[in-house]
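For reference, the structure is listed below as structure tokens.
When a residue number appears, it is its place in the shown sequence, counting from 1.
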Amino acid sequence: MPIRGIYYRPPLISLLLVILATIFCSASAYGLESGVSVQPSENSVFTGRKPAIEADFGGDVDINSIIILLDGMDITPASKLTPEGVSYSSPVPVSGGEHSVEIQGAYTDGNPLLITWSFSVRHSERFDELGFSADLTVAYTNNFRTREDSSPIPGYIVEAGGPVNFHVRKGGKEFSLGGSAYYLQEDETLQPQTADKGADFRNFLITGRWAGDKSVTSLSTGDIGITESNFTAPYLYRRGISFNKDFSRTSLALYSVNSTPVTGVRNGLKIGLDSDNNIIGTSIRTASKDDRTRLHATYLTGREDAAGSYGVSTLDGVSEGDVLGLVVDRSLLPDKLNIRLEGAASSFDPDISDQDVESKDWAFFTGVVWVPTQRLKLEASVEHVGADFRSIGSPGATSDIETVNLTGDFLFTKHMFNLTTGYSRSNLENDTAIPVSSQWLLEATDRYTVRDNLSLEFHLHTDLVDTSDEPAGYDPYNTRTNTLSTLLSYSLPKWSMATFLLLSGTDDTTASDLDTTHDEFRLDLSIVPSSRFSASLTLPQIIRERDVKNDIDFNTYNAAVLLNASLVTDILSLDLAGSYSRSDATDDSVDQRSSNASTRLAYSLARHFPEYASPNIALGGEYSRTEDTIWASDLTQYRIFITLELHSNLNY
């Protein structure tokens, strides 16, 4: 039987219409509302570096309710707000690519306001992204007074420098150059000389990058940082060259870095592929499809100049070697149970000038992390490093040792508790030239949040060390050290305070009976009564060390103060710093005092110059005095100087 009426709709069609209407209404709520206009327009391409972001609401809006987000970052404080619309002009160039804007708020009639749209930026017609930035400071200092002891200091110093960066991108191709420009000139050389005179460009890195459909290729030269496994190259920062190829789940790296660290391009690039003058390495990282298993293999070979190993190695000659490492990370239970296996084998010659053959050895590490709940985290690890194990990437690393560590982190409502225990043994090969040493430690830390502005931390450390199989000439060593420290922190909007107390004692159970104690107290204050004044004080720091056997006390008293004041906002500022230290001993073996003070009064000329230049003129002084009664010496040094500074921040 037919049903009359042209407005009849079958139930299924009506339901579809309701769903479509709901979807349409929701989409309009999260897009551009009717009557709202924006710039740059939706899905448009803006050619330039600093797009003006504007929105006209087409009605009155409560400006106190407006929040503006650019790529998720709140830009409301830097925007101009009116009941009819908003506008924002970026003070720095906006990166090339797609950007999103979201405006939240409410109309004066109570209806909500939510506007979102996207646009793209190209820095020029030819390049998607093109940028240059420099943050340079030039300072001229003239000394009016020399040191009282007539030791030489420069009459004037001209120093300039700062970071410089250049970046260009077109499609998947990128090129970047970053580094630090530096210039030094002085009429008298400082001893010891800290830097070469003249201009230089140091700490630089040049990188080219090509992004394809399935991989990304990059080539870098300059000062590169190599971070591999703990047993191969935990962090190797040298002048060199590196090649990287990244796929979806696999990456390959090839690199060559100098055997000797160099600074500045004036000393030459010193980049090569000769293993006699470089450390050459390769690594591959890969992950399973579910990302629960990760493999990392590393191989290094080459030579290292001991004189340029940042003080890690004490050898005078040149060392060479090879090291091969493998790391496996496996997530047995995602976010719950993880295991890490690391192994390495090395062949190493600490000095190629002698006739010794290379020594071969190995090392391994096994670690487990278990997080049964959000409030509990447990870690356990076992490590073994052979006596002759060395990595050419880290020749001064600890070897000939075994360690076992257990750690637990417990999170309560107001407490964060950590418990760590460990055991280690050195001289695994029982070298008869040195004793076998064993160490056991126990640490417990409790961080207690009393309330939002008050916290208290307790730390307990117990350390047992003993030796065995002492060769001739070595006395037995058996000590127990107990240390208890507390840190109380209290903060308010305009000031904060922290007190530190440490009590430590070492019990020597051998016949020598060299018992000692160490006590320390420190009070730190920070005062910021206004944006124009701040002060920090350490009043006092008291350290007392006691030789129990000989009944001798060694006492040290330190105090320091630092004041920063803006006498005239953005025009005139004053900095003051001072410190005092005194050390003495009850047996009159130590009696020394030292005091230091410095001041700087700076006047800003920025308001007379363009916004990218901030010149200052400063008058300053430094004073120091050291008295030593035991050595009958009294040295006073002071100088008065004037400095002209020009700070320029260019961002194109």
Side-chain angles (χ1 to χ4, degrees), residues 31-32 37-56 68-80 85-103 115-137 161-181 201 203-224 242-246 265 609-614 646-652:
L32 294 180
S37 61
V38 297
Q39 292 292 336
S41 58
E42 173 111 30
N43 299 324
S44 64
V45 177
F46 174 85
T47 301
R49 304 178 55 78
K50 299 180 180 180
I53 299 175
E54 301 177 356
D56 186 351
I68 309 172
L69 303 176
L70 175 61
D71 298 329
M73 182 179 68
D74 190 353
I75 59 172
T76 311
S79 303
K80 181 180 179 181
V86 298
S87 61
Y88 168 77
S89 296
S90 175
V92 296
V94 176
S95 62
E98 186 173 340
H99 298 273
S100 63
V101 182
E102 179 177 328
I103 302 178
I115 303 172
T116 63
W117 81 97
S118 300
F119 64 93
S120 297
V121 171
R122 288 180 60 91
H123 285 176
S124 68
E125 293 291 344
R126 186 173 181 181
F127 297 107
D128 297 329
E129 198 163 3
L130 178 65
F132 171 80
S133 65
D135 194 352
L136 301 176
T137 298
V164 178
N165 294 280
F166 172 76
H167 177 77
V168 61
R169 178 175 65 86
K170 182 177 182 180
K173 299 178 181 179
E174 295 182 55
F175 174 83
S176 64
L177 168 62
S180 177
F201 191 68
N203 302 328
F204 74 95
L205 183 65
I206 302 173
T207 300
R209 186 173 182 269
W210 301 265
D213 295 335
K214 297 183 178 180
S215 66
V216 177
T217 304
S218 62
L219 181 66
S220 300
T221 183
D223 300 309
I224 62 176
S242 69
F243 171 83
N244 293 270
K245 188 77 171 180
D246 298 324
V265 297
F609 288 79
E611 61 179 9
Y612 53 81
S614 301
L646 176 63
H647 180 80
S648 180
N649 191 335
L650 304 175
N651 203 325
Y652 171 76

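- Under the rule for a side-chain contact (heavy atoms from CB on, under 4.5 Å), Ser89 has no partner lying at least two apart in sequence or in another chain.
- The neighbour count for Lys245 NZ, taken as heavy atoms of other residues, nucleotides or ligands under 6.0 Å away, is above 12.
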Would Phe119 and Ile53 count as a side-chain contact (heavy atoms from CB on, under 4.5 Å) if you check the C-alpha gap in whole Å, the side-chain angles of each, and the deciding distance to 0.1 Å?
-> CA-CA 10 Å; Phe119 64 93; Ile53 299 175; 4.2 Å; yes

Solution key, residues 126-135 side-chain donor-acceptor pairs under 3.5 Å, sequence neighbours excluded:
unit_1, atom_1, unit_2, atom_2, d
Asp128, OD1, Arg122, NH1, 2.3
Asp128, OD2, Gly171, N, 2.7
Glu129, OE1, Arg169, NE, 3.2
Asp135, OD1, His647, NE2, 2.8

Hey, mind stepping through Trp210 and Leu219 against side-chain contact (heavy atoms from CB on, under 4.5 Å) and telling me if it holds?
-> CA-CA 9 Å; Trp210 301 265; Leu219 181 66; 4.2 Å; yes

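- Looking at residues two or more places apart in sequence or on another chain, you find a side-chain hydrogen bond (donor to acceptor under 3.5 Å, both in side chains) between Thr207 and Ser220.
- In terms of the salt bridge (Lys or Arg N to Asp or Glu O under 4.0 Å) criterion, residue partners of Glu174 (sequence neighbours excluded) are, by chain and number, Arg209.
- Between the side chain of Trp117 and the backbone N or O of Pro40 there is at least one donor-acceptor pair closer than 3.5 Å.
- Of the possible polar contacts, none joining the His167 side chain to the Gly178 backbone as a donor-acceptor pair under 3.5 Å is found.
- With sequence neighbours excluded, the residues satisfying side-chain contact (heavy atoms from CB on, under 4.5 Å) with Thr76 are Ile67, Ile68, Asp74, Leu81.
- The neighbour count for Lys173 NZ, taken as heavy atoms of other residues, nucleotides or ligands under 6.0 Å away, does not exceed 12.
- Here Glu54 pairs with Gln39, Ala52, Ser87 under the side-chain contact (heavy atoms from CB on, under 4.5 Å) rule; sequence neighbours left out.
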